[in-house]
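Have a look at the structure below, then the notes.
Proteins get letters first, then strands, A, B, ... in listed order; numbering begins at 1 in each.
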Amino acid sequence: MSEQLSQPAERQKPSMFLLDGMALVFRSYYALMSARMQTQSGFPTGAIYGFINTILKIEETYRPDFLVVAFDSKEKTFRHEAFPDYKAQRPAPPTDLIQQLGKILEIVPAMGIPMLKRPGFEADDIIGTLTKKFEDRCNLFLVTPDKDFAQLVHDGVKLLKPARQNDEFLLYGAEEVKSHYGVYPEQFLDMLALMGDSSDNIPGAPGIGPKTAANLINRYGSIAKIYENLYELRPRARESLLKSKAALENGRFLMTIKTDMDIDLTLDDLKQKSPDLDFLLPLFEELEFRTLAARFKSSPEKKNEQAASDADLEFNFGANVDPNFQFAKKQPRDLGNYTLIQDEDDLNQLAEKLGSLKEFAFDTETTSLTTLDAELVGISFSFAPGEAFFVYCAESALSRETAIRVLKPILENPEIGKIGQNLKYDMLVLKNYGVRVQPVRFDTMLASYVLNPDKTHNLDDLAADHLGLETVKYADLVGKGKSEKSIYEVEPKTLSDYACQDADVALQLKNVLEKALGENEPLKKICEELEFPLVGVLADMEHEGVRLDVAVLKTLSETLGTELGRVSKIIYDAAGEAFNLDSPKQLSEILFEKLKLPAKRRTKTGYSTDVRVLEELAESFPVAKQILEYRSLQKLKSTYVDALPNLVHPKTGRIHTSFNQHIAATGRLSSSNPNLQNIPIRTEIGREIRGAFVPSDAHHTLLSADYSQIELRIAAELSGDPTMLGAFQNREDIHSTTAKLIFETDEVTKDMRRKAKEVNFGVLYGIMPFGLAQRLDISQAEAKEIISQYKEKYPMIFSYLEGILDKARASGYVETLLGRRRYIRDLNSKNFSIRSAAERAAINTPIQGTAADMIKKAMLGIASDIHKQSLRSRMILQVHDELLFNMHESEVDILPELVQREMIEAAKAIGIRNVPIEVEVGTGANWIEAH
DNA sequence: GCTCTGGCTTA
DNA sequence: GTAAGCCAGAGCC
């Protein structure tokens, strides 16, 4: 049939609107919650009013031929039978909503609108079945705020979703579904299954959200196809999917809307009848819906009347409220017994209680994630599960000064343990108000990290994992992105419930996690003796900050700018045109298509233009060398030289990084915003950037102390290899010694030493002939030969590595010398590259992790000494094997020795017995000189 | 505005 | 070959 003929026929079809009753009622309830509509006698009416208006709005806007409302049944559904946890977390609806629902169920039929309900089924299934039944004869519009219905969309079936802000509707066909959710309706169920649905308690694959789910579905087409190609995925996604296979099948079943219920109805049965005004008008009178009543009186079917007049909203807020009817309180939800405190008397009472405790959990609410900019809005406290208090000290009767004055002695009391999630943040916020929080009794984020570093450790995930609790998210309070509102705009009680929940959950988590730690003594000690005490040390370092000489960078920026202009001109001349050198895509088009240079490797999206490719090309094509130069200069300029000055905090004139204690799977710290652990050093021009890192003032210098060859020493210690231990004991240059041994010569050339150095590093990273060959640009056969020489000379290194792998295969984890654990999956994978990657991680982790434990221990010792001796010098940075200090001139004779001693002492403390540890110290007027 | 990719910096 | 974080571009919203 031609388009012309089908189109008018299509238009002739009657329209049928299927309304998801319960979901729309819920929406009305929450949309009108703040209006607090109620009758003079206190009966709540917002949800009723909103829902009727939704129906009228549809009738007026679309003039439907058929309009049907479907409701869920109260009985358990077949979904509950198949999956007992289905919707298990969902709190009972608020009682004031239930009251209103009763009225709605009377009003809808009285309006003459067909209303359907079936025991054991949800509204979704009724709508799905009617859709299937009538889609050939009608144009269907599914009216619902629930995205799950997108699975039903196809030709002639569209979704009509109430818009977020106004009372308009958004129409979703297949294309709109795709553009809004990322997949087409046919694939929608697979995507839903991957994401799961926390409100229905359907798990999905942990860590896979809407974005990733849509991406995966688009890349592979379906869940089944994703599982066929698991090995291509990143480890986190892969592991999540492996664990979730059964859950996904189950979730997909639960989220499938039934389309084959036994519903015996004809189009005639669904015709709308005239409204029963004898019933409706008195009821509207009772509910005080005056404009609505007027509309029905005059002409219930008329379309040109004004929609929802505000008149109905005008009466009854405030003045005439029945004092016994407490609207806001009637929301039991899943919340505990939470109390909002906003006056001094209540605060004093709370303080007295807190002061008598051995420990409690707390959490601060602020205006910013950047601690130096964060204003304190309130603090929540919990000392019994399910119970919490929120001290609101902004824009209220209780001033921040009063709150701080009363709480400071308690927060600083060394006898009262502090429990919390990411306490470093709270400590830094409170530091701005002169409060030095101590001691860290338990940090739930760090405990989770120590128990299993590869997991995520945010509070919401921890609550879900360990307590089975669905928490209120911060975004639920203030929204997200553009429309995010200020925390000051949140109702104090709402904010209080959120804040209280966080303290409450932290306390409950502490109980669960502490028990888990109790089953592993070393992990418990790592928490209590390493990670928890380190929190305060890191907070101090971040707070202290590093001074930056902006003038140095400004000069450097100008030099780099000139150089970049010069180099890019040369490249453009060679290319015959100007283009964006920062775009790998454009660059590869120029190089490999226009200039026809030989392509070496491919990436996912095109030809690779990375260092290795360009270096290879540089031998024959000078332009490649110029591009490499451009790249390195541009990197330095954009990432460091131009970016760092903007990060100098206006209040302190210094740079304040964040040291993340819960990210690196091996136990290392990481640094971000900005990352001060990857400031350049290798190239001459890069090193100049370090010249901008300077002491705080003329009375200070920088002191740098770094462990020499720490990871190789640890490998020697852990393996007990006598040759390598001997080399270190004799203070030999380890790379030269290795060269001597593997090349069997006393005349070690520079090149031999370079190769030996690579091999030594290779050992730490889980050496493989292939990798070494690549790295040294030699054949795999040569690489194999070198490795076998190494094995012969340092036999115990290799037997140690084999032992690690055996143990890991048997137990599923590897450990540092202190007993810090990391679980390693995939050691038995049939896929070579996956298995090899797992083996390399297994080998590297004990070595890298032991070094991390050691320097953490050293930092604690140093911080303690500085405190005890009331020194004026400060530790300011940690770069994995190096510590940097802002050293006061009066302490130049004690600090270097103190630092060196503590760093060496730390090695002993974590159990290093056989290998000597060397620490190199240096001082200077900037980081280049000190290092 | 958000997320991913390629590329590059450190230990 | 291990462990991280950040930048610009690109693609989608």
Side-chain angles (χ1 to χ4, degrees), chain A residues 178-182 209-212 214-215 218-219 234 453 480-484 580-588 601-614 627-628 630-640 642-644 647 657-660 663-683 686-687 689-690 706-707 709-711 715 758-759 761-776 783 787 822 833 836-849 851-852 855 877-882:
Chain A
K178 163 78 177 166
S179 71
H180 202 264
Y181 298 109
K211 300 281 175 196
T212 318
N215 283 336
N218 281 318
R219 179 144 27 120
R234 290 155 183 229
K480 249 189 182 165
K482 208 170 50 182
S483 56
E484 184 169 328
N580 188 345
L581 266 167
D582 295 330
S583 161
K585 190 167 167 259
Q586 291 185 33
L587 178 63
S588 91
R601 279 184 305 116
R602 293 195 62 96
T603 64
K604 268 184 229 173
T605 51
Y607 297 117
S608 171
T609 63
D610 70 10
V611 188
R612 275 169 49 208
V613 170
L614 292 175
I627 294 168
L628 282 168
Y630 174 89
R631 280 251 178 93
S632 85
L633 297 176
Q634 176 63 26
K635 173 80 181 176
L636 295 176
K637 189 167 187 289
S638 66
T639 307
Y640 305 103
D642 291 345
L644 288 175
L647 296 164
T657 184
S658 290
F659 286 108
N660 311 300
I663 302 282
T666 53
R668 272 190 180 178
L669 298 177
S670 85
S671 156
S672 58
N673 303 312
N675 181 355
L676 295 186
Q677 291 180 323
N678 72 347
I679 302 301
I681 190 165
R682 286 194 225 277
T683 64
R687 188 157 48 237
I689 295 169
R690 292 196 170 210
D706 69 285
Y707 284 116
Q709 306 294 356
I710 193 61
E711 293 194 358
E758 293 290 352
V759 185
F761 276 107
V763 167
L764 305 176
Y765 299 151
I767 198 162
M768 299 257 176
F770 178 78
L772 186 67
Q774 295 260 308
R775 196 72 193 170
L776 290 177
I787 292 171
R822 178 182 182 188
S833 75
S836 306
E839 289 171 353
R840 294 192 297 268
I843 285 173
N844 178 255
T845 296
I847 300 169
Q848 190 182 114
I855 196 162
L877 289 180
Q878 188 252 44
V879 192
H880 308 308
D881 64 3
E882 172 186 8

query: Between dA11(B), dG7(B), dA8(C), which one does the side chain of S638(A) approach most closely?
result: dA8(C)

- prompt: What nucleotide among dA11(B), dT9(B), dG5(C) has an atom nearest to a side-chain atom of N660(A)?
  reply: dG5(C)

task: Could you tell me whether the side chain of H880(A) reaches within less than 4.5 Å of the side chain of Q848(A), counting heavy atoms only?
output: no

field: Whole angstrom value for the distance that separates C1' of dA11(B) from CZ of R690(A)
entry: 10 Å

- line: Applying the Watson-Crick and G-U criteria (both distances under 3.5 angstrom) with [ ] for crossing and | for other-strand pairs, one obtains for DNA chain C .|||||||||||.

query: Between T666(A) and dA4(C), does any side-chain N or O lie under 4.0 Å from OP1 or OP2?
result: no

Sugar-phosphate only, base, or nothing, as touched by N678(A) at under 4.0 Å among non-hydrogen atoms: base

message: Does dG7(B) have OP1 or OP2 under 4.0 Å away from a side-chain N or O of Q634(A)?
response: no

task: Identify whether any heavy atom of I679(A) sits under 4.0 Å from a base atom; if not, whether one sits that close to sugar-phosphate; answer base, sugar-phosphate or nothing.
output: sugar-phosphate

task: Compare side-chain N and O positions of N673(A) against OP1 and OP2 of dC6(C) and report whether any pair is under 4.0 Å apart.
output: yes

dT5(B) phosphate, OP1 or OP2, under 4.0 Å from K604(A) side-chain N/O: yes

field: Nearest-neighbour nucleotide for the Y640(A) side chain, dA11(B), dT9(B), dT2(C) considered
entry: dT9(B)

message: Please classify the nucleic acid contact of R840(A) as base, sugar-phosphate, or nothing, using heavy-atom distances under 4.0 Å.
response: sugar-phosphate

message: From C-beta outward on V611(A), which listed nucleotide comes closest to its side chain: dA3(C), dG9(C), dC8(B)?
response: dC8(B)

- prompt: So what does S836(A) touch, heavy atoms closer than 4.0 Å: a base, only the sugar-phosphate, or nothing?
  reply: nothing

field: Nucleotide nearest I681(A) (side chain, heavy atoms from C-beta), chosen from dT10(B), dT5(B), dG7(B)
entry: dT10(B)

task: Write down the distance between CG (L647(A)) and C1' (dG5(C)), rounded to a whole number of angstrom.
output: 13 Å

- request: Scan I843(A) against the nucleic acid and name what it touches under 4.0 Å (heavy atoms): base, sugar-phosphate only, or nothing.
  value: nothing

- prompt: Among dC6(C), dA8(C), dT9(B), which nucleotide sits nearest the side chain of S632(A)?
  reply: dT9(B)

task: Send over the distance from I627(A) CD1 to dG6(B) P, rounded to a whole Å.
output: 18 Å

- request: Determine whether any donor atom in the side chain of Q848(A) lies under 3.5 Å from an acceptor atom in the base of dT2(C), or the reverse, and answer yes or no.
  value: yes

message: For a quick test of reading the model: is some side-chain N or O of S670(A) closer than 4.0 Å to OP1 or OP2 of dG5(C)?
response: yes

field: K585(A) NZ - dG7(B) P separation (whole Å)
entry: 14 Å

task: Mind listing the closest non-hydrogen atom pair of R822(A) and A841(A) along with its distance?
output: NH1-CB, 4.2 Å

query: Across the strands shown, which category fits E839(A) at heavy-atom distances under 4.0 angstrom: base, sugar-phosphate, nothing?
result: nothing

query: Would a 4.5 Å heavy-atom cut-off, applied to side chains only, mark V613(A) and Y607(A) as touching?
result: no

task: Answer with base, sugar-phosphate or nothing: what part of the nucleic acid does R601(A) contact at a heavy-atom distance below 4.0 Å?
output: nothing

message: Rounded to whole Å, how long is the line connecting atom CD1 of I847(A) with atom P of dA11(B)?
response: 18 Å

- prompt: For the residue pair P846(A) and I843(A), what are the closest heavy atoms and their distance?
  reply: CD-O, 3.3 Å

- prompt: Using 4.0 Å as the upper bound for N to carboxylate O, is an ion pair formed by D610(A) and R601(A)?
  reply: yes

- prompt: For the residue pair L772(A) and A783(A), what are the closest heavy atoms and their distance?
  reply: CD2-O, 4.0 Å

message: Taking only side-chain N and O atoms of T605(A), does any of them lie within less than 4.0 angstrom of OP1 or OP2 on dG6(B)?
response: yes

query: Do L669(A) and N660(A) have side-chain heavy atoms sitting under 4.5 Å apart?
result: no

message: Within the 4.0 Å heavy-atom criterion, would you say E882(A) contacts the bases, only the backbone, or no part of the nucleic acid?
response: nothing

- prompt: Between dT2(C), dG7(B), dC6(C), which one does the side chain of N844(A) approach most closely?
  reply: dT2(C)

message: Could you tell me how far apart K635(A) (NZ) and dC7(C) (C1') are, to the nearest whole angstrom?
response: 6 Å

- line: When rounded to whole Å, the CD to P distance for the pair Q677(A) and dT9(B) reads 17 Å

message: Closest approach to the side chain of D582(A), judged atom by atom: which nucleotide of dA8(C), dT5(B), dA3(C) is it?
response: dA8(C)

- prompt: Does dA3(C) have OP1 or OP2 sitting under 4.0 Å from an N or O in the side chain of T845(A)?
  reply: no

- request: Pick base, sugar-phosphate or nothing for S608(A), based on heavy-atom distances below 4.0 Å to the nucleic acid.
  value: sugar-phosphate

task: Scan R631(A) against the nucleic acid and name what it touches under 4.0 Å (heavy atoms): base, sugar-phosphate only, or nothing.
output: sugar-phosphate

- prompt: Rounded to whole angstroms, how far apart are CZ on R668(A) and C1' on dA11(B)?
  reply: 5 Å

- line: Regarding the side chain of R682(A), the nearest nucleotide among dT10(B), dG1(C), dA3(C) is dT10(B)

message: Which heavy atom of R690(A) sits nearest to which heavy atom of I681(A), and what is that distance?
response: NH1-CD1, 3.6 Å

S671(A) side chain to T657(A) side chain, donor-acceptor N/O pair below 3.5 angstrom: yes

message: Less than 4.5 Å apart, side chain to side chain, heavy atoms only: is that true for P680(A) and R687(A)?
response: no

Out of dA4(C), dG1(C), dG7(B), whichever nucleotide has its closest atom nearest the side chain of A665(A): dA4(C)

